[in-house]
Asks: 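Take this structure, written in structure tokens, and hold onto it; I'll ask about it next.
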Amino acid sequence: MSNADWPSRGKSVSQLIKELQSFENQDMEARISIDGGASSVPISLVGKFNNRFALLLNCEDTPSVISHEN
């Protein structure tokens with residue numbers, strides 16, 4: 001088993017922008033998953049927390065979850 005720290009290290013705003021700019025279809029919907037891609041919710045807002053973190057927020061009263069498992 002690998003001891004890679006990339007899953008918990010996270011990404012900077014510039015790293016995230018660079019990766020997103022590499023997508024051929026710049027009009028596809030952006031979503032976020034916290035369960036390894038099994039499901040996702042739309043990103044409603046992008047915000048800042050204490051000038052330390054950029055936050056991707058879902059602001060739906062009832063999140064419109066899409067299941068990606070077969």
Asks: Under the side chain to side chain donor-acceptor pair (under 3.5 Å) rule, collect the residues that match up with Glu19, sequence neighbours excluded.
Replies: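 Expected list: Lys11.
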Asks: Residues two or more places apart in sequence or in another chain: which of them pass side chain to side chain contact (heavy atoms under 4.5 Å, CB included) with Asn58?
Replies: Val41, Pro42, Ser44, Glu60, Pro63
Asks: Under a 4.5 Å side-chain heavy-atom rule over Ile, Leu, Val, Met, Phe, Trp and Tyr, are Leu45 and Phe53 clustered together?
Replies: yes
Asks: With Ser12, which residues qualify under side chain to side chain contact (heavy atoms under 4.5 Å, CB included), at least two apart?
Replies: Ser14, Gln15
Asks: Of Ser39, Ser33, Ser40, which meets side-chain contact (heavy atoms from CB on, under 4.5 Å) against Ile66?
Replies: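 Passing option: Ser40.
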Asks: Check side chain to side chain donor-acceptor pair (under 3.5 Å) between Gln26 and all other residues, then give those that pass, not counting sequence neighbours.
Replies: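 If we apply the side chain to side chain donor-acceptor pair (under 3.5 Å) test to Gln26, skipping adjacent residues, there are no hits.
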Asks: Could you tell me which residues satisfy side chain to side chain contact (heavy atoms under 4.5 Å, CB included) with Asn51, sequence neighbours excluded, listed by chain and number?
Replies: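 Side chain to side chain contact (heavy atoms under 4.5 Å, CB included) check on Asn51 returns Lys48.
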Asks: Count I, L, V, M, F, W, Y as connected when their side-chain heavy atoms are under 4.5 Å apart, and connections chain through other members. Are Ile17 and Val46 then in the same cluster?
Replies: no
Asks: Taking side chain to side chain contact (heavy atoms under 4.5 Å, CB included) as the definition, give me every residue that meets it alongside Leu16, ordered by chain and number, with sequence neighbours left out.
Replies: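 Applying side chain to side chain contact (heavy atoms under 4.5 Å, CB included) to Leu16 gives Leu20.
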Asks: Looking at every heavy atom in both Ile43 and Leu56, which two are closest together, and how far apart are they?
Replies: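 The answer is CD1-CD1, 3.9 Å.
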Asks: Can you name the residues that form a salt bridge (Lys or Arg N to Asp or Glu O under 4.0 Å) with Glu29, not counting sequence neighbours?
Replies: Arg31
Asks: List in chain and number order the residues that pass salt bridge (Lys or Arg N to Asp or Glu O under 4.0 Å) with Lys18, two or more places apart in sequence or in another chain; answer none if no residue qualifies.
Replies: none
Asks: Please identify each residue that fulfils salt bridge (Lys or Arg N to Asp or Glu O under 4.0 Å) with Arg52, with sequence neighbours left out.
Replies: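 Partners of Arg52 by the salt bridge (Lys or Arg N to Asp or Glu O under 4.0 Å) criterion come out as none, since no residue qualifies.
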Asks: For Asn25, look at atom CG and say whether over 12 heavy atoms of other residues, nucleotides or ligands are found less than 6.0 Å away.
Replies: yes
